[in-house]
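We name chains A, B, ... by the order of the sequence lines, and we start the count at 1 in each one.
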Number of protein chains: 2
Amino acid sequence: MSALHDHTHCIADALTRAEALCAERGARLTALRRRVLELVWSSHRPRGAYAILEDLSQQDGKAAAPLTVYRALEFLVEQGLVHRIESLNAYVGCADPGAVHSGQFLVCEGCGDAAEIDDPRVGTAIDAAAAERGFRVQRPTVEVRGLCKSCQENPR
Amino acid sequence: MSALHDHTHCIADALTRAEALCAERGARLTALRRRVLELVWSSHRPRGAYAILEDLSQQDGKAAAPLTVYRALEFLVEQGLVHRIESLNAYVGCADPGAVHSGQFLVCEGCGDAAEIDDPRVGTAIDAAAAERGFRVQRPTVEVRGLCKSCQENPR
DNA sequence: GGACATGACGTTACTTTATAACATCGTGCC
DNA sequence: GGCACGATGTTATAAAGTAACGTCATGTCC
Ligand SMILES: [Zn+2]
Ligand SMILES: [Zn+2]
Ligand SMILES: [Zn+2]
Ligand SMILES: [Zn+2]
């Protein structure tokens with residue numbers, strides 16, 4: 001994700017879409033869940049549950065318990081509004097909730113951004129490889145570590 | 001992995017290859033590291049660091065500290081003898097150490113086995129998707145959850 | 001052989017991540 | 001209002017991973 005973009009817009013957009021999706025589904029996007037979603041979206045870097053917990057304490061003055069955050073995250077993941085990055089134990093906002101997809105990520109070791117992609121070739125290749133072995137795919141996880149374009153151009 | 005195979009052979013084979021590879025590279029496969037590798041290979045199910053630690057205590061009578069196991073695992077991963085399954089916080093023996101590969105896994109929710117594959121289509125697709133976005137791949141992670149053939153045939 | 005460097009291992013304490021069990025609150029429905 | 005159900009609060013605990021420092025083993029140089 002370019003460092004130069006209107007991230008306020010990313011956040012507002014994510015919240016709007018979340019409200020719409022939850023309304024449509026009859027899922028309850030409570031104040032807490034909405035706030036956690038907002039905090040997850042505070043950047044394009046995956047954010048750990050305890051980091052979000054700290055945000056809640058410091059920015060909102062509410063000393064929440066870990067479970068509070070984990071439960072909100074669980075809801076958001078179920079609704080496809082947030083993805084968990086397994087290799088980081090962290091969470092990142094979904095770029096396209098509503099669309100059916102499994103989540104494929106390009107995680108930059110430089111800036112920490114996790115760019116979500118949904119490349120049909122990757123999905124197809126996984127499906128084919130699994131099918132040949134008689135394996136029924138339920139949930140593919142693809143997390144690619146490397147260096148994003150801008151971090152290659154501006155190394156530290 | 002079929003439940004009906006000579007797993008003793010898997011273990012012996014893995015240990016033999018490990019010794020050969022380490023000798024060739026001048027890496028020190030010490031008694032402890034060899035033992036941890038053996039314990040990782042105790043099945044085709046990824047095994048957590050603390051499970052291995054328990055094995056060490058119970059089977060060998062040595063009350064080791066977590067770091068002991070983590071250090072051995074770190075070595076084994078570096079040497080490509082073991083892979084870490086990020087989505088499980090667990091480790092599994094590599095099916096083909098020596099060969100250059102990144103590790104792609106079909107992880108069965110039924111029996112827990114993690115079958116390692118190295119499907120060129122998956123690797124190629126990831127490379128292509130990354131290249132199009134100017135992303136330089138360093139370490140791809142592919143972990144597919146689902147049901148293996150035998151667990152589909154014999155559901156619980 | 002002895003001094004030395006290097007890497008492996010031991011020990012203790014601690015941090016980070018995640019969940020269990022149970023109580024309470026809030027909202028909507030009848 | 002009374003009830004049901006899901007969301008949240010509270011406390012305690014489990015699981016996974018690391019830091020700091022000391023000691024021991026192995027090999028090298030002289
Ligand atoms: Zn997504
Ligand atoms: Zn970057
Ligand atoms: Zn086997
Ligand atoms: Zn299976």
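Leu67(A) places its CG atom 15 Å from the P atom of dA14(D), with the value rounded to the nearest Å. Remark: P of dG6(D) and CD of Glu74(A) are 14 Å apart, rounded to the nearest angstrom. What separates CD of Glu78(A) from C1' of dA7(D) is a distance of 13 Å, to the nearest Å. Atom C1' of nucleotide dT6(C) and atom CZ of Arg28(B) are separated by 9 Å, given to the nearest angstrom. In this structure, Tyr70(B) places its OH atom 11 Å from C1' of dT17(C), rounding to the nearest Å. One interatomic measurement links the two molecules: CD of Gln79(A) to C1' of dG6(D), which rounds to 14 Å at whole-angstrom precision. Rounded to an integer number of Å, the gap from Glu54(A) CD to dT15(C) P is 14 Å. Rounded to an integer number of Å, the gap from CG of Leu53(A) to P of dT8(D) is 15 Å.
Listed here is the closest heavy atom pair of Cys10(A) and His44(A): SG-NE2, 3.5 Å. Closest non-hydrogen pair, Arg17(B) versus Pro97(B), comes out as NH1-CD, 3.9 Å.
Between Arg84(B) and dG17(D), a side-chain N or O to OP1/OP2 separation shorter than 4.0 Å is present. Contact between the side-chain N/O atoms of Thr30(A) and the OP1/OP2 oxygens of dA7(D) is not found at any separation under 4.0 Å. Contact annotation: Tyr50(A) side-chain N/O to dT17(C) OP1/OP2 distance is not under 4.0 Å. When the side-chain nitrogen and oxygen atoms of Asn89(A) are compared with OP1 and OP2 of dA16(D), none of them lie within a distance under 4.0 Å.
Within 4.0 Å (heavy atoms only), Arg47(A) reaches no atom of the nucleic acid at all. At the heavy-atom level, Leu32(B) lies under 4.0 Å from the strands shown only through sugar-phosphate atoms.
Tyr91(B) and Arg47(B) are not linked by any side-chain donor-acceptor pair at a separation below 3.5 angstrom, with hydrogens and angles left out of the test. His5(A) and His7(A) are linked by a side-chain donor-acceptor pair at a separation below 3.5 angstrom, with hydrogens and angles left out of the test.
Comparing dT11(D), dA8(C), dG9(D) by their nearest atom to the side chain of Arg33(B) picks out dA8(C).
At a cut-off of 3.5 angstrom, the base of dG9(D) holds at least one donor-acceptor pair with the side chain of Arg71(A).
Note: the hydrophobic cluster containing Ile85(A) does not contain Val137(B) (ILVMFWY, side chain heavy atoms under 4.5 Å, direct or indirect links).
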